[in-house]
Amino acid sequence: MGSKARVRRTARVPWIPIAIISVIVIMALFAPLLAPYSPIDQTLRDKLLPPAWMTGGSDKYFLGTDAFGRDILSRLIYGARVSLMVAVLALTVGGGVGLAVGIVAGYVGGAVDSVLMRLVDAAFTFPAILFALLLSVTMGQGLGTLVIAITLLLWASFARVIRGEVLSLRQRDFVALARVRGCSAPRIMLTHILPNVLNTFMVLVTLNIGVVIIAEATLSFLGAGIPPPTPTWGLMISEGRGRIADAWWVALIPGIAITLMVLSVNLFGDWLRDRLDPRLRQL
Amino acid sequence: MSAPLQDQGPPLLRVEGVRKYFALTKGILFTRTLGHIKAVDDVSFDIRAGETLGLVGESGCGKTTTSRMILNLEEPTEGRILLEGEAIHGLQGDALRAYRTKVQAVFQDPWSSLNPRMKVGRTIAESLIVNAWGDRAAIDERVRELLVQVGLRPEQAQQYPHEFSGGQRQRVALAAALASRPRLIVLDEPVSALDVSIRAQMMNLLKDIQAKDDVAYLLVAHDLATVRHMADHTVVMYLGKIVERAPTAALFDDVRHPYTKALFSAVLEAWPGQAAEEIELKGEVPSPLDPPSGCRFHTRCPYVMPHCSQREPALREVSPDHFVACHLFE
Amino acid sequence: RAQDQKGTLVFAVESLSAQTLDPILEGRPGNAVYQAVMYDSLVGFDLEKGGIGPGVAERWELSADGLTWTFFIRPGQTFHNGDKLTAHDVKFSLERQMGPGSLASAAASMRRTIKNIEVVDDLTVKVQTTSPQIGLPAGLSRAVAPEGAIMPKAYIERVGEEEFRKKPIGSGPWKFVRNVPGDRIEFTAVTTPHWRGRPHFKDLHLLLVPEESTRVAMVRTGEAAIASIGPETMLGASRAGLEVLSVPGTMQAVFQFWGTYKPEVKDSPIAKARVRQALSLAIDRKQVIEHVMNGRARMPYPFATFGYTDYFSADRWEKWAAEAYRYDPVLAKKILAEEGYPNGFELKFANTALPGTQFMVDIGTAIADMWTKVGVKVTIKHYEWGSFAPMERGDQAGLIGWASMYRTAGRPDAPWRYDGAFSPESIQRLLGDKENCQEICQDFVKTSRALGSELDKTKRTALTDHMVELTANSWTVIPILEGMGYYAINTKKVGQFAPITGRHELGDVFERIPRPEQKPWKK
Amino acid sequence: MTPDAKGETVLEVRDLHTHFFLRRGVVKAVDGVSFSLRRGEVLGLVGESGCGKSLTALSLMRLLPKGGAQTIKGEVLLGGENILECTPAEMREIRGRRISMVLQDPQTSLNPVFAIGDQLREALLRRKRAPLTRAPHAEVMKEAVAALRRVEIAAPEQRISQYPHQMSGGMKQRVVGAIAISGEPGVLIADEPTTALDVTIQLQYLKLLKRLQAETGMAILFITHDFGVVGRMCDRVAVMYAGRIVECGPVRRIFEAPQHPYTRALIASVPKMTGPVGRLTTIEGQPPSLMDLPVGCRFASRCSLVEQRCLDAYPGTVRVGDEHTADCWKATPA
Amino acid sequence: MKRYIARRLMQGAVLLCMVATIVFFLGRLTGNPVDLMLPEDATAEDRAALTQTLGLDGPILDQFAIFVGKAIHGDLGTSIRMKQPAVDAFFDRLPNTLVLIPWAILLGMLLGIPLGVVAALHRGGLLDRAAGTVAVLGVAMPSFWLGILLIFVFSVELGWLPSGRMGGPAHYVLPVITLGTFLVAGFMRITRSAMLEVMESEFVKLARIKGLSEAVVIWKHCLRNALIPVLTLWGVFVGNLITGAIVTETVFAWPGIGRLTYEAVIYRDFPLLQAVIILKSILILSINLAVDILYAYVDPRIRLA
Ligand SMILES: Nc1ncnc2c1ncn2[C@@H]1O[C@H](COP(=O)(O)OP(=O)(O)OP(=O)(O)O)[C@@H](O)[C@H]1O
Ligand SMILES: Nc1ncnc2c1ncn2[C@@H]1O[C@H](COP(=O)(O)OP(=O)(O)OP(=O)(O)O)[C@@H](O)[C@H]1O
Ligand SMILES: [Mg+2]
Ligand SMILES: [Mg+2]
């Protein structure tokens, strides 16, 4: 008879991913306090030292040094900052645009919906990585370019999922009832639709942190990310990739950091989705 | 209880020859128009202040569509709807807002009628807030009053919908509908999602409120017994058309239209072995996309005559205030 | 004798540039490594010392008025289809390079300077110029540009341009087999003796592998015998047991200060030559060579000059440079203080790298750090070459008052490069533009003009030295190091060989590369 | 069908307990249910939403929902054999052939991507114990047509190759019915099979079920919350409240002389088609949470006749008449 | 159906126009490709001459008009670097990418779908989490990083597989893994969630009631339904693959359109870049259309609608 409050089995809280994410966030927030050295100061004499626990490693540099004798630990810590900053900015801008477009398209419908959805289709067709490359050569490399590029990569998928969600919300009686009570369309979108898609939005955000971090790294690899010497994890891998044979730690450590981070946010995101919105089907 | 319609002043709500056709665009792939669903096809009736009109019929016959048009959620394809003599479609700005305070609704599904992210107090207050009804304190006071009126405790205003049972939610929905002191409340199957024991509570509550506030109801239902208990007048619909309309008592005493008869006989009395004359209809309900010609019921009618498929019967008065659309009564 | 040509020599490069086998369609000489394999150039290399040497022409001479060059063609050369190579082909080729369809970078200047090309006999050709062109033979040598490539006249006229591009033939030691765009070009060795040397391998494959770590991996697995690499991979490659070959004198990394003479830069610290000198003193070149370039680089000569540069007193300048380009941060700080910058100043630094010289970014990064250590606040901005190049053209709007990293390629004659960098009419005009041409600038113009028509060797050398002196002391350009071309080599796939000094590509040496059993590498 | 005609007992359920073990606690959804079912009989199971009707049915099928549900106690004797002790493989043999079930929602009961012929075929082949691929196709299809005809589907030859979305709800429910009885089971459980149907279609379907039962003699456990349907279909009825059967007896007895106050209140609160129109009798309050059941009578908190002993202990099952039992302290034993 | 396809084609055309316009103007903003073609010491004169030869000297709007005019006739210009019609260059390389992509999809499906099913069957259990972690690992590794690691391990250290370039079957292994890994995660997730949804549906219960074996219930009844959402995402996946190919092809020296794209950007080869983006868009659009049509054949609800 009718739908009934579903009794939900909550998945186990993913403590390990949460711990990893917390460590990285703390690293990013307190980088100047935590990092033993400046991330860009070079000591060419100390270049390519292996991590402290290996033969030849120095106690001064726990995770070793890179080709310029920069402390990898410090770069990793500051790199977390940049990577997270890119993620936060891109997700705020891209996710925000996607959220707004999704809500408007889904709620208003009709021609507005068609036009917006064609734009979304266009965004999916447009090779975003390529666009990022293009932007980086037209506007120069930098945080702004990177954020714009990644925003372009993100907004459409946000818009699509949110719109789907709004379409089903719009069928719910409380939306019709809000109209009956005299709420205007913007008011309904803000007070009735928005709070109800926030869960979905949060899940999308978590699951896309990984996408952003990978995109940043890939663009750095292709030479279109944040310019050196500012450390980002992607750039660190990119700089060290030629040395896997002799100085593996230069690329492997940031590689592991990215993998751990993305793995953690994804596991966390999955859990969040199961908790908040188990029916949310997403990429 | 049921005075003849024409004896009283102008009706609160008048539905005049209303039609609603939905263009059917089919499939995810095929966004082409396959035809039109004639969800409501030439429906007229009145509702008087302070009384209840029951609207019954099988699933898909257009009951909800009719009520959504009355709520100004849907534009009629044809025809018009008047509230206190004024056409409601095309209203803008203040006039629309004024209209919104006069007509409210309670829907069937208690789980989807309340915004899960909004405290119920806020939901109840919403129409007061958007209409700038008063200051905060006044609104809070009114919310408390409404909660008590529907049998809840005032402090429950602070709770979220998931903390309520289905019956309580329907009460909250009713409180929200009552907030702006409407003249008409559209009740679209307000009790069919509720358990038997809760259903009776809700029906009693609705009756009590009507007695006190003098509000009119349009009660959409498919359960005849519910309509019998609630409505002053009853309209029976079949495939978008009205087939019979009469004061409830008169209708239940003397069913005329063959479809209404079948409907009545299909109702299973909660009393074993009572059904006297049982009319089992053959076949399926035809698609509103391609309704049968002539009388829409002729494909399933036990009394079908040759001309039933040719001509459409008009709604005619067969006894005082009792209207039937059937060739048998010509 | 054909049986001692066997096996396949596989060379992995990061770029095949245009990957076209029509010489008039390839603009960038450095990337034309794949054309050098099958085409001979009118003027060749000096294989030992670097610089230019005999090629298709055995020798050349200049008329007394300096307006006519006569080239004497080496007898007995044939194209891959058996046609004889004659003076007609030389004339045809040069005219084709100057023609309308040509994308050769020097096409325009050839059109301007070459008045007439005349076939005297089958083995002699005369080139008349509008003014004395001392550098003409160098310009027709692959040491500078690919414009000297000799194409088969009869063949092209018979089959047409289209067909020629599909089935090109040349006169080099390797014959064209197949071109797979974006992947590889295959050649097979000629079986007859060739003046450049008869190849030891039967086939030659040039592979396009843009990712450096993949290139090294391929050499390690033996999928490729040789790969071009950068200094950053060198260490790993040699630790992995690969031979790392470096070719000296192929390039110079320099700093350039843009528009220092401009009125609007007057108050900028870098408008002062002494400040620029101080910046030079703050660079620890040995550190950069040792750590960034893994020791595979050397102290530079002054701008754009190398050990093999013609008409140039190499020894004298080598000594000079050792002193002038020393590391003395104390002095640097002192000078800065004297000039009124005891606390340093802010410097904008545009860092860029031509495709294939990614280590330029590393060098720039290292130096920015060294400057920071003497108190200069460096704002480093990295540009992709494609976005940097337009900035330095025209009015140099984006770069006035900036320092930037630059690469200058190995050239046997210095004035050619000097003109492009310093002349007020040039693109870079580092000493002054037409409106602001002060003392040094005017002196430079005078010297440059004199050089253009000076035929006497001693006087020419004196003039060149003066030019070098002028610019070196202006410190508008400061050399950092002399770089090399770097290769990782799988010793199980090829034997020991020597590259050509000053060429950072291997295009002209594949035929000289022995198989491993013929000449194993000595450790 | 005379209610007192004593066929042999085909299904006997004794003290069935099925609980949900959740992190938050234990939901005692079925908490001591006993009843029996005889050949050719229809037993109605009524009760409010969430009282455990469906879960009782699923426990009988041993198809409990994933996620913590477990039958922890009791016996389900199907032809004398306790099927709770069967292995999963044995259980598969039993399902469809000896005990079968029709679900509530015809819209979702059929697999949307297979033609209904295919879905029927699977069931028919199972009955023949033939591997899915072996039996001659044409023959099985002929049987499928016959099965459809048996549930009164017009033009079954065409229908067989159609997909569920091409049929109306009533037709789908019949197809589901055809599938459920294709193994000629002795017991059919029908879990609110008509709730999603229109009243006129519901009537058709109920008549069909009755007819099929008359033909095959199967016993039906008919779950519903609609007393109208009970009155129409059932020989006996069991009223369930908060995980337990509180009253069970012949239909007529239950309607005419309900013994349990809950049954009484429930019947009184149903609006009638005849008789006076007035205020309806209501049951105030809510059923108790299944996670936190009272020690005493579960209806005590809503019962108008509550006494102290009702709160202190659960009343035993009292035999109040011929085949009529009630769980109430106040019930007078027959 | 025809009308639907026609409509989609129209939409596609509009989209292409948008893409082409954006790309054209963005490309021109980046500066003059002549600078990349000339040596750094070329004279101003050389430069002017080359600019003219390449037709880059007119006002930008004129250049655009010419571009549009030619594009309509299927001429997207001549690659500056390769001196070859850009369209030809694209189609020369396209087959090389197209032989890679199906294998990547196959890998994604063969691994991702069973993993998804297994995860759904053991929801919340150890296997679920293991499968989830394995799959997420696929997305958590940047593909260039994965590619380089794979080369290092499997060709350099172990010497089992070639490290790059097109060639025999062995050459496909590492690029396909690199390209397909993220698909494993994608397919796994969608399959898992679709399976979870399907497994709760009534028709699965009915299948069990019929007494069907667990294998038939899961692999026939559930999976077939779960594959429908998987299919809808094909279009998106293929689009991702085509972009993902940029990195993979660069790392593995694979002469496909991904590499071509990267080279076009690096060398600022405008006509080629324009052509590549436009043609890629066409490719993605057609694949999406094809997938939608295919979708209609898998899901009878749509097929017969
Ligand atoms: N937005 C819409 N677009 C297309 N068709 C619609 C729409 N809304 C309703 N219909 C169709 O119109 C017809 C009447 O629907 P309506 O909801 O009014 O019926 P109802 O009498 O309320 O049925 P029920 O008893 O099931 O609630 C149905 O066939 C329905 O499918
Ligand atoms: N997966 C589940 N996890 C936890 N509790 C559950 C689950 N499914 C059902 N329940 C609980 O078990 C109880 C019995 O459920 P059941 O479906 O048997 O009720 P029902 O009598 O069939 O109700 P309805 O009339 O609504 O179908 C309910 O209180 C419900 O909340
Ligand atoms: Mg309705
Ligand atoms: Mg149930």
Side-chain angles (χ1 to χ4, degrees), chain C residues 12 15 17-20 22 25 27-30 100-103 105-109 111-112 145 165 180-184 207-211 213-218 220-221 223 240 354-355 384-387 389-393 406-409 411 416-417 419-421 425-428, chain E residues 29-50 53-54 79-84 88-89 92-93 96 144 147-148 151-152 155-157 159 161-167 247 249-257 259-260 262-263 265-269:
Chain C
S15 162
S17 193
Q19 201 174 349
T20 166
D22 186 344
L25 294 182
R28 293 198 65 82
S102 168
L103 294 173
S105 55
S109 50
R111 269 174 236 145
R112 180 171 39 110
R165 283 173 190 169
V180 185
D183 184 37
R184 66 184 189 278
L207 308 182
L208 174 54
V209 183
E211 170 62 25
S213 36
T214 310
R215 278 201 302 282
V216 176
M218 289 176 77
R220 288 188 65 181
T221 59
E223 288 163 89
L354 273 149
E384 212 252 335
W385 169 249
S387 48
M391 289 168 50
E392 58 154 7
R393 313 289 186 190
Y406 229 90
R407 183 204 79 164
T408 149
R411 292 288 153 93
W416 187 293
R417 182 70 181 87
D419 243 6
E425 266 131 59
S426 70
I427 285 172
Q428 301 184 331
Chain E
L29 281 180
T30 60
N32 195 328
V34 166
D35 297 318
L36 282 160
M37 304 177 59
L38 293 173
E40 53 272 31
D41 52 359
T43 64
E45 193 185 344
D46 293 337
R47 193 166 175 274
L50 189 59
T53 315
L54 298 176
S79 159
I80 290 172
R81 190 170 62 94
M82 298 193 287
K83 327 297 182 299
Q84 184 189 11
D88 295 357
D92 276 354
R93 305 273 194 103
N96 299 341
F144 65 90
I148 290 168
I151 291 177
F152 183 69
S155 54
V156 176
E157 289 299 313
L161 292 164
S163 43
R165 305 189 53 235
M166 259 184 105
V247 170
E249 291 181 0
T250 303
V251 171
F252 289 97
W254 196 273
I257 51 170
R259 260 264 304 291
L260 188 70
Y262 182 59
E263 288 166 17
V265 172
I266 290 301
Y267 292 98
R268 208 86 353 82
D269 192 341

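Within every chain, numbering begins at 1; the chains are lettered A, B, ... in the order of the sequence lines, protein sequences first and strands thereafter. Because the structure is predicted, anything quoted here is derived from the model rather than measured.
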Colleague: Which bit of E:Phe152 comes within less than 4.5 Å of chain C, counting heavy atoms only: side chain, backbone, both or neither?
Modeller: side chain
Colleague: If you compare all heavy atoms of C:Glu223 against all heavy atoms of E:Pro162, which two are closest, and at what distance to 0.1 Å?
Modeller: OE1-CB, 3.2 Å
Colleague: What are the two closest heavy atoms between E:Ala253 and C:Asp183, and how far apart are they?
Modeller: O-OD1, 4.1 Å
Colleague: Please classify the contact between C:Arg184 and chain E as side chain, backbone, both or neither, with a heavy-atom cut-off of under 4.5 Å.
Modeller: side chain
Colleague: Using a cut-off of under 4.5 Å for heavy-atom pairs, which of E:Asp92, E:Ile151, E:Val251 has the most such pairs with chain C?
Modeller: E:Val251
Colleague: Please identify, among C:Ser213, C:Ala12, C:Pro181, the residue contributing the most non-hydrogen atom pairs under 4.5 Å to chain E.
Modeller: C:Pro181
Colleague: Could you report the tightest heavy-atom contact between E:Thr250 and C:Glu211, atom names first, then the distance?
Modeller: O-CB, 3.5 Å
Colleague: State, to 0.1 Å, how close E:Pro255 and C:Gly182 come at their nearest heavy-atom pair, and which atoms those are.
Modeller: CB-O, 3.3 Å
Colleague: Between E:Arg259 (side chain) and C:Val209 (backbone), is there a donor-acceptor pair under 3.5 Å?
Modeller: no
